[in-house]
Protein chains: 2
Amino acid sequence: MDLANIYKQFQADITYIEQELTRTLAAQHPVLREAATDLLRAGGKRIRPVLVLLAGKFGTYDLERLTPMAVALELIHMGSLVHDDVIDHASLRRGHPTVKARWDNRVAMYTGNYIFGHAIETTKVFHDQRVHMIISNAMNEMCRGEIAQIHDQYRWDQNFRTYLRRIKRKTALLIAVSCELGAIAAGAPALVQQKLYQFAYFIGMSYQIMDDILDFVGTNEQLGKPAGGDLRQGHITLPTLYALRTDAQLKEMLQRELTEQTASDINMEPILWRVRDSGGIDYAQMMSDRYLQKAHAALHALPECEAKMYLTQVAAYVARRKY
Amino acid sequence: MDLANIYKQFQADITYIEQELTRTLAAQHPVLREAATDLLRAGGKRIRPVLVLLAGKFGTYDLERLTPMAVALELIHMGSLVHDDVIDHASLRRGHPTVKARWDNRVAMYTGNYIFGHAIETTKVFHDQRVHMIISNAMNEMCRGEIAQIHDQYRWDQNFRTYLRRIKRKTALLIAVSCELGAIAAGAPALVQQKLYQFAYFIGMSYQIMDDILDFVGTNEQLGKPAGGDLRQGHITLPTLYALRTDAQLKEMLQRELTEQTASDINMEPILWRVRDSGGIDYAQMMSDRYLQKAHAALHALPECEAKMYLTQVAAYVARRKY
């Protein structure tokens, strides 16, 4: 089970949105055009546009109204991806950015800004105060999440709540808002809007926790990079948080061995095995499943229709993703 | 002649705007609050809010309507300052960012995003499509300007037009838009809006050219840093562009000696003297003055009022600034 069925059903509409994305980012400046085109070529699952379309089916489905919503949300997502790459450790040589990387960093930052700017511009067609508030709130919360993530790096004494709030801001909120805005654009009833928001929020939480699990259990091939990258960079996710609770010596070990200075040299395997042995993976899997159950419960409250079946498929995809 | 007189006349209104800025950036996250407070403490001339207020005098002056405009524009300016600091050479040690600087860079980027987000949020009170278009266009043009600036670094064969377009995007446009939006918020006639826009655009161009001149002729004390910083970083401004036209050997010298690799070690004095001796400073001064004359011409077309006198003072301030 993957999302191929949904893509097939909505192929024409997704293609239309894709064209709008291309058109929106067709900048005149060569550097920008290049950066933006790379990003579009990279593809991505377009999960946010798909959710906008699916949510739109719960009201009056109008592609012309749904498209700018989908484009804006995907642009916000793309802009945040570009900003994530700024001062990425991958572009460091012996812990120092190369001249090229430094140049790229600034370009990446301004390209991100440019994409955000176009996201804002795209939403201007909606003469709806609430839509603007939802979008700007989501963008601000994402910033808060990013800053919290930096602030919390290598802080071994954080708690589960800190983690959950961080992934809410970083991931779940924009996904939740995708469903909410699709429903709003289609004029779906308030209760439907609310349930769709909840569904997508729970899906987003479940998805991010799975993502954090995969960083411990995925193969190099699945991840496209060695396992343990998050922890190496001091990002403490649910499996590690659980392990820290049950394994008293782990905190000491992490404090002693894992710092930003040692990050690029340390052998992560002994640490990763300690986390895997702690039961942290099972615990995180249980939490991810619990969010998935909540997503299904939210779905249950929605009227029966074809789109509801597709949303069930989205939930199933999140449950089974392995990469 | 400085801006003190204007600040005095508008003291209560500027204080009110200042409070709104503080309130807007009173984030809950400690890192953000700290960064934002630092920025507010740093002060700045608040030239954009002042222009909003002055332009507002050409229509129905309503502080409640002008304030969100002024706040949004100052936030955009502040956000761009924060982003300018990302990967600043000042935070480099031997050409490599320190660990602290690297952390700070990401925080600076997200703080900038956060401030931009609040700028957008602030403009939401205006149910005016045109206002939104003007603001998002200005933000996008600023991004384009920033990217062009990076793209054009160390490119010794660029022309005057490239330079003028770059400073328009980087500086003049947001200043022009400050006057335009003040006039729009006050419901001033279309011709008045247009003339105020032109006035501020010309002032902004004149100001930036002066700024670029000061980097060659200012003392360490006036600049707060050694002269020639722009050129050292490969930013080619009007005096250098003029010098490159008249001094055939300069281009060779720059190509040979000034690259990003040598930037932190090279003795800039011989190069700076060549630019100073070329007549490039006088030429740039002449261009700056020409924009100032155009600003006065735009002002001439505006109805007589007290605010017009203050705008004349703003023009005089730009003409005489030495730091």
Side-chain angles (χ1 to χ4, degrees), chain A residues 27-32 35 79-80 83-84 86-87 89 92 94-97 99 101-125 127 129 132-133 135-151 153 259-261, chain B residues 27-32 35 79-80 83-84 86-87 89 92 94-97 99 101-125 127 129 132-133 135-151 153 259-261:
Chain A
Q28 262 135 47
H29 196 289
V31 180
L32 267 179
S80 77
H83 274 186
D84 279 352
V86 172
I87 325 171
H89 287 241
L92 298 177
R94 295 182 175 275
H96 297 298
V99 171
R102 198 135 48 85
W103 187 89
D104 286 347
N105 276 333
R106 291 203 76 139
V107 171
M109 183 177 74
Y110 290 119
T111 304
N113 289 0
Y114 176 82
I115 293 171
F116 284 133
H118 277 289
I120 300 296
E121 216 167 291
T122 303
T123 62
K124 291 297 181 286
V125 297
H127 301 264
Q129 201 70 354
H132 294 304
M133 289 309 288
I135 290 175
S136 57
N137 179 59
M139 289 178 77
N140 286 338
E141 285 295 306
M142 281 173 79
C143 287
R144 287 199 184 96
E146 297 286 5
I147 292 172
Q149 176 162 316
I150 296 166
H151 182 255
Q153 259 173 303
T259 65
E260 186 158 15
Q261 284 71 38
Chain B
Q28 261 133 49
H29 197 289
V31 180
L32 267 179
S80 76
H83 275 186
D84 280 352
V86 171
I87 325 173
H89 287 242
L92 298 178
R94 294 181 173 279
H96 296 301
V99 172
R102 197 135 50 87
W103 187 89
D104 286 348
N105 275 334
R106 291 203 76 137
V107 170
M109 183 177 73
Y110 290 120
T111 304
N113 289 359
Y114 177 82
I115 293 172
F116 284 133
H118 276 289
I120 300 298
E121 215 167 293
T122 304
T123 62
K124 291 297 181 288
V125 297
H127 302 263
Q129 201 71 354
H132 294 303
M133 289 310 287
I135 290 177
S136 57
N137 178 58
M139 290 177 77
N140 286 338
E141 285 295 304
M142 281 174 78
C143 287
R144 287 200 184 95
E146 297 285 4
I147 292 171
Q149 175 162 316
I150 296 166
H151 182 255
Q153 261 174 300
T259 65
E260 186 159 15
Q261 283 72 36

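To find a chain, count down the sequence lines: A is the first, B the second, and so on, and within it residues start at 1. Every heavy atom of this structure was used, including side-chain atoms; hydrogens, water molecules and symmetry mates were not.
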Report task. Return the minimal non-hydrogen interatomic distance between T111(A) and I147(B), and the atom names on each side. Result -> N-CD1, 3.9 Å
Query raised in the report: Would you say the side chain of H83(B) lies within less than 4.5 Å of the side chain of Y110(A), judging by non-hydrogen atoms?
Result: yes
Query raised in the report: Among all residues two or more places apart in sequence or in another chain, which pass the side-chain hydrogen bond (donor to acceptor under 3.5 Å, both in side chains) test with Q149(B)?
Result: K170(B)
Output side-chain donor-acceptor pairs under 3.5 Å for residues 115-122 of chain B, partner residues at least two apart or in another chain, one line each.
unit_1  : atom_1 : unit_2  : atom_2 : d
H118(B) : NE2    : Y114(B) : OH     : 3.2
E121(B) : OE1    : N140(A) : ND2    : 2.5
T122(B) : OG1    : H118(B) : O      : 2.6

Query raised in the report: So which of M142(B), E146(B), E141(B), H132(B) has the biggest tally of heavy-atom pairs under 4.5 Å with chain A?
Result: E146(B)
**Report entry** Partner chain A: residue of M109(B), M139(B), M133(B) with the largest heavy-atom pair count (under 4.5 Å)
**Finding:** M109(B)
